[in-house]
Amino acid sequence: MRKHIFNAGPCKLPDVALENTSKAVLELNNIGQSIMEISHRSKDFEAVMNETKALYRELLNIPENYHVLFLGGGASTQFAMVPFNFLKRKAAYVNSGVWARTAIKEAKIFGEVDVIASSEDKNHTYYPKNFVIPTDVDYLHITTNNTIYGTEILEDIDSPVPLVADMSSDFMSRPVDVSKYALIYGGAQKNVGPAGVTFVIIKDEFLKEVADRPIPTMFKYETHVKKESMHNTPPCVNIFTMREVLKWIKSMGGLKAMDKLAQERADLLYAEIDRNKLFVAPVEKGSRSRMNIVFVLNPEYKELEEEFVKFCSARNITGIKGHRDVGGFRASTYNACTIEDVKALIAAMQEFEKNKA
Ligand SMILES: *Cc1c(COP(=O)(O)O)cnc(C)c1O
């Protein structure tokens, strides 16, 4: 029986995407070969690649002057690749949590980093707002959703310098004004597919801002733009599954529908956390993530942490143990998470409260 999956990443994927992938792994399009066995230069794979890119463009309404790339190496490689290509002298970063800090660390290898805002003073329980963006930097880097601390910025900010965003964990959960960004990247495994494929959306004009330093071929965005993500063998199966996820998003009504569902799931779960005597949400209202809902036990019930995880497990609910840096619990409610999944967790929280409070 399928569980109620709240894993932070890799995470729950839509049933139909799993079913269609499993079929294609055995045989693709009645061609007597698996998706794993065909050449990435074959007509059959080319069709998969092209349709996936077209779905990106359609769902996100990506302007003509942007390229869509599918690379390897995860979002973690982008932490280095962005400054490798674009940090000439100084870049601005917002320190909103663990992933932002990791990105900052990599950027410092290539130049000066101006951390223009940070939420470190309150253990990242809010999203830094109202920061002033300097105009003497090569770009500004933000993390739109902080997967570990559970904060999110739900607007596309105006930036006087090229805006680079790590959207790993809230990508395709709402319509985004791509034209406000110079580069968007993320690992697929949080909202659009299995681990192993990294998406990059990059503006043509930004490509011209490349730093004057030797960059190995594989680390140059230009390589992947010119070869349309086919410079080397792309992760074919992962891209196939991603296409199936995107087809599912489209069939559900696109990003407006994802947005509405994300709000519904988050509203239900935060309302229960705020009501329930046992739990509190450490993140400030106004910064609360709709994708990673963090909650902890009230101090007087602190010792019940392990028991609640077991209690959930017995009810087929999995993946709610919090990140080691925050403790408590984290329910990751990405696109494929259903209202029924959320209701199952809420029922468990209410029953646990009845037993304990
Ligand atoms: C998971 C995550 C990463 C790291 O992604 P990998 O694909 O594992 O390298 C980076 N940034 C954010 C916001 C994430 O959630």
Side-chain angles (χ1 to χ4, degrees), residues 1-3 5 7 9-62 64 66-75 77-78 168 171-173 184-202 217-218 220-255 257-258 334-338:
M1 181 193 159
R2 200 141 157 73
K3 289 186 177 173
I5 302 167
N7 291 330
C11 63
K12 185 178 179 183
L13 294 175
D15 292 346
V16 65
L18 301 178
E19 282 158 19
N20 291 346
T21 303
S22 71
K23 282 182 204 148
V25 163
L26 293 175
E27 186 183 4
L28 180 72
N29 307 343
N30 299 314
I31 59 169
Q33 303 173 83
S34 161
I35 175 75
M36 290 182 184
E37 296 172 320
I38 58 170
S39 164
H40 59 293
R41 311 228 178 252
S42 64
K43 279 222 162 5
D44 288 288
F45 184 71
E46 203 184 329
V48 172
M49 187 65 139
N50 290 342
E51 195 184 344
T52 313
K53 283 184 186 163
L55 282 162
Y56 261 70
R57 291 197 176 273
E58 182 183 345
L59 289 168
L60 275 166
N61 201 12
I62 300 176
E64 283 287 319
Y66 283 75
H67 304 274
V68 178
L69 311 176
F70 303 135
L71 311 177
T77 300
Q78 294 305 306
S168 293
F171 189 61
M172 298 259 191
S173 69
I184 294 169
Y185 70 86
Q189 70 274 21
K190 310 269 167 58
N191 234 348
V192 287
V197 57
T198 312
F199 57 83
V200 173
I201 300 166
I202 186 167
T217 311
M218 274 300 284
K220 265 189 230 166
Y221 288 106
E222 205 196 338
T223 304
H224 303 291
V225 167
K226 275 193 180 146
K227 299 285 180 68
E228 298 182 345
S229 305
M230 289 281 219
H231 173 72
N232 69 323
T233 322
C236 301
V237 181
N238 309 60
I239 292 169
F240 181 93
T241 309
M242 191 159 67
R243 183 191 72 172
E244 296 305 312
V245 173
L246 298 176
K247 275 160 66 177
W248 172 80
I249 292 176
K250 187 177 166 180
S251 76
M252 293 285 288
L255 299 193
M258 293 299 112
Y334 299 119
N335 282 345
C337 174
T338 60

Quiz item: Any side-chain heavy atom of L60 sitting closer than 4.5 Å to one from M172?
Solution: yes
Practice problem: Rounded to the nearest 0.5 Å, what's the gap from CG on L18 to NZ on K12? Could you check? | Solution: 9.5 Å
Quiz item: Would you call Y334 and L13 a side-chain contact if the rule is heavy atoms closer than 4.5 Å?
Solution: no
Quiz prompt | Minimum heavy-atom distance I201-I62, with the two atoms named | solution = CD1-CD1, 3.9 Å
Exercise. Would you name the heavy atoms of F45 and H40 that are closest together and state the gap between them?
Key: CD2-O, 3.3 Å
Exercise. Go through T21 and T241 one step at a time and tell me if the side chain to side chain donor-acceptor pair (under 3.5 Å) criterion holds.
Key: CA-CA 6 Å; T21 303; T241 309; 3.1 Å; yes
Self-check item: Validation row: F240, T52 side chains within 4.5 angstrom (heavy atoms)
Solution: no
Going by atom type alone, with no hydrogens or angles, which donor-acceptor pairs under 3.5 Å involve a side-chain atom of residues 24-31 and a protein atom two or more places apart or on another chain?
{"from": "E27", "atom 1": "OE2", "to": "I31", "atom 2": "N", "distance (Å)": "3.3"}
{"from": "E27", "atom 1": "OE2", "to": "G32", "atom 2": "N", "distance (Å)": "2.7"}
{"from": "N29", "atom 1": "ND2", "to": "D44", "atom 2": "OD1", "distance (Å)": "3.1"}

Quiz prompt | Side chains of P14 and V245 in contact at under 4.5 Å (non-hydrogen atoms) | solution = yes
Self-check item: Side-chain donor/acceptor of S168 to backbone N/O of G187, under 3.5 Å
Solution: yes
Practice problem: Look up atom CD in E37 and atom OG in S42, then write down how far apart they are to the nearest 0.5 Å. | Solution: 11.5 Å
Quiz item: Can F199 and I184 be said to form a side-chain contact (heavy atoms from CB on, under 4.5 Å), step by step?
Solution: CA-CA 8 Å; F199 57 83; I184 294 169; 4.3 Å; yes
Exercise. Find out whether I249 and M252 are in side-chain contact, i.e. whether some heavy atom of one side chain is under 4.5 Å from a heavy atom of the other.
Key: no
Self-check item: Residue list, salt bridge (charged side-chain N to carboxylate O under 4.0 Å, His left out) with K53, at least two apart or on another chain
Solution: none
Scan the side chains in residues 228-236 for donor-acceptor partners under 3.5 Å anywhere in the protein, sequence neighbours excluded, and list what turns up.
{"from": "S229", "atom 1": "OG", "to": "F70", "atom 2": "N", "distance (Å)": "3.0"}

Quiz item: For the atom pair CG (L71) and CE (M218), what is the distance rounded to the nearest 0.5 Å?
Solution: 7.5 Å
Quiz prompt | Heavy-atom pair with the smallest gap, counting every atom of N238 and A195 | solution = ND2-O, 2.6 Å
Practice problem: Supply the atom-to-atom distance K247 NZ to M242 CE, rounded to the nearest 0.5 angstrom. | Solution: 13.0 Å
Quiz item: Closest heavy-atom contact between N335 and W248?
Solution: O-CH2, 3.4 Å
Quiz item: For L255 and L59, which heavy atoms make the closest approach, and how far apart are they?
Solution: CD1-O, 3.5 Å
Quiz item: Does the gap between the ring centers of F171 and Y56 come in under 6.0 Å?
Solution: yes
Self-check item: Reported CD-to-OG distance for the pair E244 and S22, which is rounded to 0.5 angstrom
Solution: 10.5 Å
Quiz prompt | Pairing of K43 and E46 as salt bridge, 4.0 angstrom limit | solution = no
Exercise. Could you check V225 against E222 for side-chain contact (heavy atoms from CB on, under 4.5 Å), going step by step and ending with a plain yes or no?
Key: CA-CA 5 Å; V225 167; E222 205 196 338; 5.5 Å; no
Exercise. Quick one: pull up CD in E51 and CG in L246 and give me the separation to the nearest 0.5 Å.
Key: 9.5 Å
